[in-house]
There are 2 protein chains.
Amino acid sequence: MVKQQRAARTRRTLMETAAAQFDRDGYAGTSLSQISTEAGISLGALTFHFGSKSELARSVEKEGRSAVEEAVARICASSTPPLRQLVELTLELVRLIEHDDSVRAMLRLERERPGTPQCSSIWLPAVDDLLQRSHASGRLRPSVRPAVMATLVSHLIAGAEAVQRCHRASPAEPVDSAVGQLRHIWQLILPGISASEASHR
Amino acid sequence: MVKQQRAARTRRTLMETAAAQFDRDGYAGTSLSQISTEAGISLGALTFHFGSKSELARSVEKEGRSAVEEAVARICASSTPPLRQLVELTLELVRLIEHDDSVRAMLRLERERPGTPQCSSIWLPAVDDLLQRSHASGRLRPSVRPAVMATLVSHLIAGAEAVQRCHRASPAEPVDSAVGQLRHIWQLILPGISASEASHR
């Protein structure tokens with residue numbers, strides 16, 4: 001039992017080290033021997049747990065996907081109005097991008113390894129559904145097309161990741177958190193797109 | 001004279017081939033011998049024009065910067081209202097990202113080569129200025145903060161590049177052009193942020 005716990009801990013350490021390296025250096029820039037050194041775990045123990053760099057990358061991607069899937073399921077299960085859920089979902093996605101190495105690693109790996117499933121395939125159907133429901137329930141202004149809103153959301157999520165990555169590369173100037181930035185952006189956009197705000201004017 | 005023209009043409013071919021490769025494969029994934037093969041120009045002729053991969057990358061970046069600088073200068077010289085200029089500037093930047101290999105290569109190279117000047121340092125001051133002027137002339141709703149608008153613009157530009165890159169990697173589904181998408185996004189956002197629209201209601 002102690003042996004199993006130790007193995008689980010070793011696996012966890014390797015996954016965390018690999019996620020940080022894949023995120024920082026990309027797939028080509030990461031090697032098993034680097035991960036072994038940085039994790040302080042022998043290469044033999046590493047390859048016992050993960051047979052290859054590709055297998056390790058798949059495990060990190062799977063962990064990133066799980067985190068995103070869990071967030072989507074949790075937010076979509078809440079009883080708040082769909083437009084509120086949409087905003088919460090985007091904030092949660094950006095929170096994960098900001099704080100979860102495995103999510104950032106997954107996003108980088110999906111760009112660098114052709115054929116990897118796209119993370120957007122997890123959250124985009126939920127975004128589409130929430131927008132359709134917002135539209136149907138009259139929460140959006142009639143002129144606001146759900147498809148354009150979905151494009152906006154895709155730009156904001158991709159933009160948040162890119163802006164984050166840029167700040168990580170040169171963290172010279174102190175900036176608002178990615179989540180804080182997106183919250184301000186929504187405060188700017190929401191009054192113009194939501195029907196309820198219009199009726200308050 | 002003919003010799004000079006031929007040299008200029010060779011240089012141009014090498015720059016174009018290099019821009020396309022840096023954009024597609026990144027700095028580490030590109031080699032002078034690959035560029036030589038793809039351009040159909042001997043490695044000897046290549047190294048006569050560009051002494052190293054780093055020199056070639058700098059030339060491509062410089063070309064990308066010039067294209068962006070020219071666009072910023074041209075749009076800021078027009079006499080349209082500042083908020084209109086801002087929208088035009090973002091559309092022009094995205095048009096360059098969509099159609100100019102040297103601009104996309106520059107954006108990729110600045111991420112992969114630490115210390116490279118950021119492209120946003122060219123257009124962000126113009127965006128800030130246009131937003132301040134829009135604000136001062138009462139074109140923006142009083143509740144709209146120029147700094148948050150600038151954050152939104154940064155997200156939209158970075159998002160447009162990321163979405164573009166993603167579609168280039170898997171061009172399965174036909175999508176609206178990047179410029180078309182951004183135009184729709186602005187049509188969605190502008191009514192909510194501009195004072196003139198509000199007064200029309």
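Nothing here was measured: the structure is a model prediction, and the numbers come from that model. Throughout, protein chains are lettered first and strands after them, A, B, ... in sequence-line order, and every chain is numbered starting at 1.
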Per-residue contact mode, A:Ile189 against chain B (heavy atom under 4.5 angstrom): side chain

Region of A:Ile185 in contact with chain B, defined by heavy-atom distances below 4.5 Å: both

Charged N-O contact under 4.0 Å between B:Arg74 and B:Glu92: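 Yes, B:Arg74 and B:Glu92 are salt-bridged.
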
Carboxylate-amine/guanidinium contact B:Arg24 B:Asp101, below 4.0 Å: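 The answer is no: the pair does not qualify as a salt bridge.
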
What option among [options] has the most heavy-atom pairs under 4.5 Å with chain B?
options	answer
A:Gln187, A:Met149, A:Arg111	A:Met149
A:Val144, A:Thr151, A:Leu188	A:Leu188
A:Ile193, A:Val163, A:Leu152	A:Leu152

A:Ser52 versus A:Ser54, side-chain donor and acceptor atoms under 3.5 Å: no

Residues B:Trp186 and B:Thr90: side-chain donor-acceptor under 3.5 angstrom: yes

With A:Phe50 via ring-ring contact (aromatic ring centres under 6.0 Å, His included) - residues at least two apart: none

Listed partners of B:Ser79 passing side chain to side chain contact (heavy atoms under 4.5 Å, CB included), at least two apart: none

Results of side chain to side chain donor-acceptor pair (under 3.5 Å) for A:Thr30 - residues two or more places apart only: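 Partners of A:Thr30 under the side chain to side chain donor-acceptor pair (under 3.5 Å) test: none.
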
Residues in residues 153-162 of chain B near chain A [non-hydrogen atoms, under 4.5 Å]: B:Ser154, B:His155, B:Leu156, B:Ala158, B:Gly159, B:Ala160, B:Ala162

Gap between atom CD of A:Gln21 and atom OG of A:Ser31 - 0.5 Å precision: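 The distance works out to 7.0 Å.
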
